[in-house]
Number of protein chains: 2
Amino acid sequence: MSLATTGVPNLDWTDPECPVARALDLVGDRWSLLVIRDAMDGARSFTEFQRRTGIARNILSDRLRRLVAHGLLAQRAAPSGRRQEYVLTDAGHDLFAVVLTLRQWGERHAFAPGEAHSVLVDRHGAPVPEIAPTGSDGTLLDTDTTHVRKSR
Amino acid sequence: MSLATTGVPNLDWTDPECPVARALDLVGDRWSLLVIRDAMDGARSFTEFQRRTGIARNILSDRLRRLVAHGLLAQRAAPSGRRQEYVLTDAGHDLFAVVLTLRQWGERHAFAPGEAHSVLVDRHGAPVPEIAPTGSDGTLLDTDTTHVRKSR
DNA sequence: CCCGATGAGTTGCGGATTGAAACCATCATG
DNA sequence: CATGATGGTTTCAATCCGCAACTCATCGGG
């Protein structure tokens, strides 16, 4: 099937032209990105995802299946024992920038000033600096300085 | 009320500690980020959002109300005529990096190789370069090189 | 002033999705 | 063999969503 060769599922895309819309068709629901977040933070097993997210088990079951079907997670038997394991694929791993910008936006706008929240740090313990979109000339990019060019 | 002073709504957060989860509580549904995307691309009116997204009118009505209530959009009467206008607040505007990383991820992973898609360009027409998270020392950041430090 | 068009929603309704809890099968351990 | 952990599935009620129809106000002619 074409999925195997392209890596891209054949969905009824909400808006087939727009990469934002396609991305949201894959991970734009209440839980998928939280599952991805926890996978990035070391969760592997069904029970561990359930414990960390608090998601209902039937929904988690469905989300894991979808994420596997869409190539964001890979399911495999754990080396020892009879456990399942869900690990990020390259595509799933590559959502790091998305989760990070969401995190940084949340830190700026979803907490009251002075309210405590968790922080992402690098291996030396230094806080990760904020991502700022820059153009090829190094200037800051913005809603006003960019626009979408239609696909050819 | 406290909302006015903090700018942060009082929801039942899915996971109150985690900025990612809070961000998703605000914009983590199928439509909100598409509305934001279209607002960034110049949409202002109810009908225009409806036309661009294809969302059901009652749902759009609800989403616009939520986004206004959460401080991502501001509603005001249009200068001339008797129309309503929805414009991005600073917080909404600041979602640019989130929408951009989603877009770039979608371009990489939600299209078959060679499949056409729209492109984001700067004011000179040059494609916007890909965002890559870097640490304070300039090295590329990654799931493996970062971790969450719990809030104090 | 009356008519139709447009904008901005609201309402009603059937079908799809979600959430909570219970249930089940397989293994591992004592 | 009883118990617990793991990885789900089933059931059922509550909620949400999409569609279509309807309201209500304004605007632009004629």
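Below, chains carry the letters A, B, ... as their sequence lines are ordered, and counting in each starts from 1. Quick caveat: nothing in here was measured; it's all calculated off a predicted structure.
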Exercise. Give the C-alpha distance, both sets of side-chain angles, the deciding distance and a yes or no for side-chain contact (heavy atoms from CB on, under 4.5 Å) between F46(A) and S61(A).
Key: CA-CA 8 Å; F46(A) 186 94; S61(A) 182; 4.1 Å; yes

Exercise. Grab the CD1-C1' distance between I55(A) and dT17(C) for me, whole Å please.
Key: 13 Å

Quiz item: In a check of side chain to side chain contact (heavy atoms under 4.5 Å, CB included) between V128(B) and each of L100(B), V119(B), V121(B), which one passes?
Solution: L100(B)

Practice problem: When you get a sec, tell me which of dC17(D), dG19(C), dG7(D) is the closest nucleotide to the side chain of I59(B)? | Solution: dC17(D)

Exercise. Check whether any side-chain nitrogen or oxygen of Y86(B) sits under 4.0 Å from OP1 or OP2 of dG7(C), and answer yes or no.
Key: no

Exercise. Send over the distance from L60(B) CG to dA8(C) P, rounded to a whole Å.
Key: 10 Å

Exercise. Check whether the side chain of R57(B) and the base of dG18(D) form a donor-acceptor pair under 3.5 Å.
Key: no

Practice problem: May I ask you to evaluate whether T47(A) reaches the phosphate of dG7(D), defined as a side-chain N or O under 4.0 Å from OP1 or OP2? | Solution: yes

Self-check item: Separation of atom CG in D62(A) from atom P in dG19(C), rounded to whole Å
Solution: 11 Å

Self-check item: Any R65(B) side-chain N or O less than 4.0 Å from OP1/OP2 of dT10(C)
Solution: yes

Self-check item: Under 4.0 angstrom between S61(A) side-chain N/O and dT9(D) OP1 or OP2
Solution: yes

Practice problem: Might you work through the salt bridge (Lys or Arg N to Asp or Glu O under 4.0 Å) test for D29(B) and R66(B), ending with a clear yes or no? | Solution: CA-CA 12 Å; D29(B) 67 276; R66(B) 283 176 62 86; 5.5 Å; no

Quiz prompt | Quiz item: N58(B) side-chain donor-acceptor pair to dG9(C) base, under 3.5 Å | solution = no

Self-check item: For atom CD of E85(A) and atom P of dG8(D), their distance in whole Å
Solution: 12 Å

Quiz item: Does OP1 or OP2 of dT18(C) have a side-chain N or O of W31(A) closer than 4.0 Å?
Solution: no

Exercise. To the nearest Å, give me how far apart CZ (R30(A)) and P (dT18(C)) are.
Key: 11 Å

Quiz prompt | Donor-acceptor under 3.5 Å (E115(B) side chain, A110(B) main chain) | solution = no

Practice problem: Tell me, yes or no, whether the heavy-atom count around D90(A) atom CG, taken from other residues, nucleotides or ligands under 6.0 Å, exceeds 12. | Solution: no

Quiz item: Given atom CG of D29(B) and atom P of dC17(D), what is their separation to the nearest angstrom?
Solution: 7 Å

Quiz prompt | For atom CZ of R51(A) and atom P of dA5(D), their distance in whole Å | solution = 14 Å

Quiz item: Given dC17(D), is OP1 or OP2 found less than 4.0 Å from the side-chain N or O atoms of R63(B)?
Solution: yes

Quiz item: Taking atom C1' of dT10(C) as reference, at what distance in whole Å does atom CG of L64(B) sit?
Solution: 14 Å

